[in-house]
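Heads up, the thing below is written out as structure tokens.
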Number of protein chains: 2
Amino acid sequence: MGPIRLMLTGAGVTEQQWRVLRVLAENGVMDPTALSEASCLLLPSLTRIVNYLEKQNLVTRARHQTDGRRFLLEITPLGNALIASNIPHSNEIYAALEKQFGPDKMEQLLDLLQDLSNIDLK
Amino acid sequence: MGPIRLMLTGAGVTEQQWRVLRVLAENGVMDPTALSEASCLLLPSLTRIVNYLEKQNLVTRARHQTDGRRFLLEITPLGNALIASNIPHSNEIYAALEKQFGPDKMEQLLDLLQDLSNIDLK
DNA sequence: GTCTTGTAATTAACATGTTAATCAAAAATA
DNA sequence: TATTTTTGATTAACATGTTAATTACAAGAC
């Protein structure tokens with residue numbers, strides 16, 4: 001995935017940081033558990049990533065109003081700007097990949113992977 | 001992949017260490033470059049893994065006779081014993097997965113992944 | 001209300017992923 | 001042959017993956 005890596009290097013974020021920001025941009029406020037699920041990251045990794053993104057003023061962390069265990073994460077305007085200025089290029093790269101691979105094959109592949117991940121051995 | 005992780009924990013190795021040992025058991029003597037390719041690891045990761053496996057007396061490292069830059073890696077009898085005593089269980093797990101997923105779908109999936117990895121987005 | 005149990009998130013410790021820099025040895029070139 | 005270039009492997013630095021332990025708070029049971 002060379003082109004994607006290039007785009008991310010230009011944006012100054014890693015794959016995982018990009019994924020976290022993109023999910024937050026799409027979903028608005030989320031708690032760490034939901035965000036980790038949606039961004040395919042384990043909680044310990046997400047904790048470190050959010051710590052870093054918070055220092056860069058790309059996301060904010062606030063305590064939940066009623067449940068003192070939970071936190072609420074939200075992307076900042078700076079974070080949204082980073083996404084907005086790179087998402088077109090990102091989408092172009094994905095579209096080019098899908099076109100070259102074949103939209104039909106892409107759909108087959110995603111279906112098969114979904115089926116595989118639903119398997120519970122035993 | 002819970003069952004595989006369980007097996008590996010029982011054997012006392014990680015996924016990557018297991019892969020390196022298995023490839024060496026199947027292919028005999030290999031240099032780091034070939035081994036990294038065959039075990040899907042980048043060279044820096046492989047270097048660390050081989051360092052560890054060498055300390056555990058699971059592999060040996062020797063200089064190449066004619067090319068002073070290269071090394072020759074080989075699995076030890078202890079390493080072979082580790083593989084031999086766990087490979088039957090490993091094969092059972094894979095067979096169960098293939099059966100539950102469907103051998104036809106498994107083949108389709110592997111073919112699609114191979115095609116995808118062959119794509120070179122210019 | 002106290003005690004127990006469960007849950008959300010973090011921290012700790014170690015292994016691997018990733019890119020760049022380094023080093024030694026081989027190969028190519030003048 | 002001396003110089004340059006290339007190659008094989010390692011090291012360095014930082015980010016993430018992974019499992020276990022820990023902490024703080026919430027919810028239930030008594």
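Predicted model, so just to flag it, every value in this text is computed and none were measured. The chains referred to below are lettered A, B, ... by the order of the sequence lines, with proteins before strands, and numbering in each begins at 1.
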Between N or O atoms, less than 3.5 Å apart, protein on one side and nucleotides 2-5 of chain D on the other: list the pairs.
none

Taking only residues two or more places apart in sequence or in another chain, which ones pass side chain to side chain contact (heavy atoms under 4.5 Å, CB included) with [X]?
{"X": "A:N27", "value": "A:V23, A:M30"}
{"X": "A:E37", "value": "none"}
{"X": "A:D115", "value": "B:F101, B:K105"}

Discussion item. Using a strict heavy-atom distance below 4.0 Å, which residues from residues 20-36 of chain B are in contact with DNA chain D?
Written reply: B:D31, B:P32, B:T33
Discussion item. Just to be sure I understand the geometry, which residues of residues 65-75 of chain B put a non-hydrogen atom under 4.0 Å away from DNA chain D?
Written reply: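 Within this stretch, B:R69, B:R70, B:F71 sit under 4.0 Å of the strand.
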Worksheet item: For the helix from C:dG1-D:dC30 to C:dA30-D:dT1, how many degrees between its two end axes (five pairs per end), to the nearest 10°?
Response: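 It works out to 10° between the end axes.
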Worksheet, complete the sentence: Contacts of A:R48 meeting salt bridge (Lys or Arg N to Asp or Glu O under 4.0 Å) (sequence neighbours excluded), chain-then-number -> none
Discussion item. Does anything in residues 43-56 of chain A come within less than 4.0 Å of DNA chain C? Heavy atoms only, and list the residues if so.
Written reply: A:L43, A:P44, A:T47, A:R48
Worksheet item: First and last nucleotide of DNA chain C in contact with chain B, 5' to 3', at under 4.0 Å to a heavy atom: what are they?
Response: C:dA15 to C:dA26
Practice prompt. Indicate, with yes or no, if B:L43 and B:V29 share a hydrophobic cluster defined by side-chain heavy-atom contacts under 4.5 Å among Ile, Leu, Val, Met, Phe, Trp and Tyr.
Written response: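 In one cluster with B:V29: B:L43, no.
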Fill in: Positive for side chain to side chain donor-acceptor pair (under 3.5 Å) with B:D67, one of B:R70, B:R69, B:H64
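Result: among B:R70, B:R69, B:H64, B:R69 is the only option passing the side chain to side chain donor-acceptor pair (under 3.5 Å) with B:D67.
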Tabulate below the donor-acceptor pairs under 3.5 Å that side-chain atoms of residues 49-56 of chain A make, not counting sequence neighbours, or state none.
residue: A:N51; atom: OD1; partner: A:R61; partner atom: NH1; Å: 2.9
residue: A:N51; atom: OD1; partner: A:R61; partner atom: NH2; Å: 3.2
residue: A:N51; atom: ND2; partner: A:T47; partner atom: O; Å: 3.3
residue: A:E54; atom: OE1; partner: A:R61; partner atom: NH1; Å: 2.8

Determine all donor-acceptor pairs shorter than 3.5 Å in which one atom belongs to a side chain in residues 79-96 of chain A; sequence neighbours excluded.
residue: A:S85; atom: OG; partner: A:A81; partner atom: O; Å: 3.1
residue: A:S85; atom: OG; partner: A:L82; partner atom: O; Å: 3.3
residue: A:N86; atom: ND2; partner: A:L82; partner atom: O; Å: 2.8
residue: A:N91; atom: ND2; partner: A:I87; partner atom: O; Å: 3.3

